[in-house]
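Here's the structure we're looking at; comments come further down.
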Amino acid sequence: MTQPVRVRFAPSPTGKLHIGGARTAIYNWAFARSNGGTFILRIDDTDPTRSTDENTQIILRAMRWLGLDWDEGPEVGGDFGPYAQTERLDLYREAAERLLAEGKAYPCFCTPEQLEADREAARARKDPFQGYQRRCRNIPADEARARMEAGEPYTIRIKVPEDRGDVVVDDAVHGRVTFAAKELDDFVIFRSDGTPTYNFATVVDDAAMGITHVIRGDDHLSNTPRQVIVYEALGAPVPVFAHISMILGADGKKLSKRHGATSVEEYRDAGYLSDAFVNYLALLGWSLDGETTVIPRDVLAREFSLERISKNPATFDPKKLDWMNAEYINRMDDATFADTIMLPELHKAELIDEGAEFDEAWVDALAAIVKPRTKMPADAAIVSAPIFATADTLVYDEKAVAKGLAKEGMGTVLDAARAALEALPEDGWTAEAIDAALEPLPEALDLKKRIVFQAVRVAVCGNLVSPPLGETMELIGRDDCLARIARAREMAL
Ligand code: GLU
């Protein structure tokens with residue numbers, strides 16, 4: 001039986017959750033879900049100068065909005081906690097002590113000046129290896145202990161075994177990557193201020209938490225050989241690594257603020273749907289079958305696999321994200337659209353009062369014409385605004401009036417439309433009846449259909465882009481439509 005999958009997303013709370021981090025989180029979450037595994041959230045807050053609680057809260061909120069529920073971590077707990085690195089400092093110290101006692105690590109008393117002088121000397125003699133010259137590696141253990149106890153400042157370095165050949169990493173995305181062990185310093189695992197380095201703390205945690213797969217950005221690929229050395233020193237199994245490619249902007253450069261919004265919250269606040277956003281980010285470097293684009297969360301959680309991650313960098317395309325968002329809105333059923341998008345947006349735009357009651361059929365009819373015209377949630381209010389106006393408050397778009405209304409002959413069109421519509425009784429005011437009443441006008445007036453309907457549309461809606469006329473007029477109601485036409489008559493020639 002294979003080991004149950006345990007993966008982690010380990011953001012550093014030095015900033016908000018960004019698109020790249022969100023994608024890493026999505027892949028970890030989806031990998032855990034598709035394997036019946038455990039998804040762990042760990043806060044890597046060991047950089048005290050740049051980590052803040054506020055950022056941690058922002059990250060947790062963003063994760064919740066993304067719908068990436070974690071099985072262990074902050075707020076939910078778990079058997080392998082605590083889940084913030086600053087609360088695990090004792091564990092790192094204990095691990096380092098153990099490696100010191102086992103002779104797998106050693107204290108280094110070199111001052112920064114000494115290290116710099118050694119580097120300079122290596123440069124001068126054109127030594128291909130210009131890293132740490134292992135000056136303190138062979139200090140006898142009792143002497144080292146005495147100096148430590150006497151209070152001399154020291155870092156702790158790992159002892160890369162003399163006979164360690166190349167470090168070979170079979171990365172699930174990049175394939176086999178070989179690093180020459182002799183290029184690896186006896187690197188620092190504990191600083192002289194008593195704090196662990198990233199490569200050490202991460203491995204101590206990943207080992208203690210039983211992480212089986214490390215899925216993260218490929219900016220960490222170069223850290224991996226050092227981490228492998230730490231696993232080996234700790235006597236812990238080395239997990240599978242999957243380093244995912246960078247996300248680029250349209251100009252081929254690494255995605256950054258220059259390309260526009262980068263934090264998850266900005267997308268949430270702009271009105272993107274979490275499901276659409278997750279779907280879009282999942283496709284930045286992964287595909288289901290090379291062609292399917294709409295991959296709902298449950299499918300992602302079932303079908304995600306490391307094999308289908310691409311090693312090529314992905315390009316973030318805001319237009320494709322917009323398309324995805326519109327697609328998710330369009331695929332909603334009308335009732336869900338009305339409840340989760342349309343009514344809240346109408347309220348936000350102050351077109352309706354909080355908790356206002358509407359006839360259910362009326363709301364359904366409105367949703368049916370507004371939904372196909374909603375790409376971003378705020379569009380729902382823009383599209384609906386004319387419907388919620390009255391003959392007195394309707395705002396006429398100047399260009400629409402110039403194009404559709406303020407033209408010779410349009411007065412006659414409106415007079416004819418008004419007469420035809422007035423003939424409809426209040427209880428016969430339906431989209432079909434309205435369309436049928438207007439239908440004969442072009443022929444009767446000897447005008448193009450487009451010209452006639454455009455004039456009526458501008459008169460009733462104030463613009464040229466409203467939803468289908470009959471449906472819209474039914475929703476507005478008979479009396480107000482007639483009053484609008486009367487008002488518009490003054491603008492027509
Ligand atoms: N805290 C690290 C980061 O945010 C985590 C790296 C890792 O996953 O090992 O980049």
Side-chain angles (χ1 to χ4, degrees), residues 5-32 37-53 55-60 62-63 66 68 70 72-74 80 82-89 91-92 95 167 169 171-174 177 179 187 189 195-231 234 236-247 254-256 262-264 285 306 309:
V5 163
R6 289 177 60 83
V7 290
R8 86 310 193 264
F9 173 55
S12 299
T14 53
K16 298 176 174 176
L17 185 59
H18 287 268
I19 287 175
R23 185 197 51 172
T24 301
I26 292 166
Y27 285 9
N28 276 284
W29 172 86
F31 185 68
T38 303
F39 175 51
I40 297 156
L41 177 61
R42 184 178 75 221
I43 303 298
D44 278 5
D45 53 356
T46 41
D47 179 350
T49 51
R50 294 165 59 230
S51 299
T52 67
D53 282 346
N55 285 332
T56 299
Q57 291 312 317
I58 290 173
I59 292 169
L60 298 188
M63 291 288 288
L66 291 168
L68 304 178
W70 54 99
E72 295 176 23
F80 296 79
Y83 293 94
Q85 289 195 322
T86 45
E87 292 171 36
R88 302 176 61 83
L89 295 172
L91 294 166
Y92 311 135
V167 178
V169 176
D171 190 273
V173 176
H174 289 266
V177 193
F179 303 87
F187 54 92
I189 57 172
T195 59
T197 56
Y198 156 71
N199 280 324
F200 189 61
T202 290
V203 173
V204 170
D205 286 345
D206 288 345
M209 294 179 177
I211 300 302
T212 56
H213 298 72
V214 171
I215 306 169
R216 61 185 173 193
D218 67 7
D219 47 333
H220 286 293
L221 184 57
S222 60
N223 288 318
T224 307
R226 290 190 175 78
Q227 297 188 4
V228 169
I229 296 289
V230 178
Y231 280 104
L234 293 172
V238 179
V240 174
F241 290 99
H243 286 95
I244 50 186
S245 66
M246 271 195 293
I247 301 178
K254 190 173 179 339
L255 194 67
S256 73
T262 50
S263 75
V264 170
L306 298 182
I309 295 181

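Counting starts at 1 for both ligands and their atoms, in listed order.
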* To do: Check each of Asp206, Asn28, Asp44 against Arg8 using the side-chain hydrogen bond (donor to acceptor under 3.5 Å, both in side chains) test, and report the only one that passes.
  =>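 The side-chain hydrogen bond (donor to acceptor under 3.5 Å, both in side chains) with Arg8 is passed solely by Asp206 among Asp206, Asn28, Asp44.
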Can you tell me how far the [atom1] atom of [X] sits from the [atom2] atom of [Y], to the nearest 0.5 Å?
| X | Y | atom1 | atom2 | answer |
| --- | --- | --- | --- | --- |
| Ile247 | Ser256 | CD1 | OG | 12.5 Å |
| Leu255 | Thr262 | CG | OG1 | 7.0 Å |
| Arg23 | Ile244 | CZ | CD1 | 4.0 Å |
| Arg42 | Phe80 | CZ | CZ | 13.0 Å |

* Asked: Are any of the heavy atoms in Phe9 under 4.0 Å away from ligand 1?
  -> no
Considering the heavy atoms of [X], write down every atom of ligand 1 situated less than 4.0 Å from one of them.
| X | result |
| --- | --- |
| Tyr198 | 6 (C), 7 (C), 9 (O) |
| Arg8 | 7 (C), 8 (O), 9 (O) |
| Asp44 | 1 (N), 2 (C), 5 (C) |
| Arg216 | 7 (C), 8 (O), 9 (O) |

* Asked: Which one of Val177, Val173, Asp218, Asn223 satisfies the side-chain contact (heavy atoms from CB on, under 4.5 Å) criterion with His243?
  ->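 Per the side-chain contact (heavy atoms from CB on, under 4.5 Å) rule, the option paired with His243 is Asp218, out of Val177, Val173, Asp218, Asn223.
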* **Polar contact flag for Thr202 and ligand 1 (N/O pairs, less than 3.5 Å)** =>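 Such a contact does not occur with ligand 1.
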* Sub-3.5 Å N/O-N/O distance, Val214 and ligand 1 -> no
* Structure fact -> the protein heavy atom lying closest to atom 10 (O) of ligand 1 turns out to be His220 NE2, 2.8 Å
* Considering only the protein, which heavy-atom contact is closest to atom 2 (C) of ligand 1, and what is its distance? ->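 Heavy-atom neighbour on the protein nearest atom 2 (C) of ligand 1: Ala10 O, 3.5 Å.
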* To do: For the pair Phe241 and Tyr231, name the ring-plane relationship: parallel under 30°, tilted 30 to 60°, perpendicular over 60°.
  =>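 Perpendicular: the ring planes of Phe241 and Tyr231 meet at over 60°.
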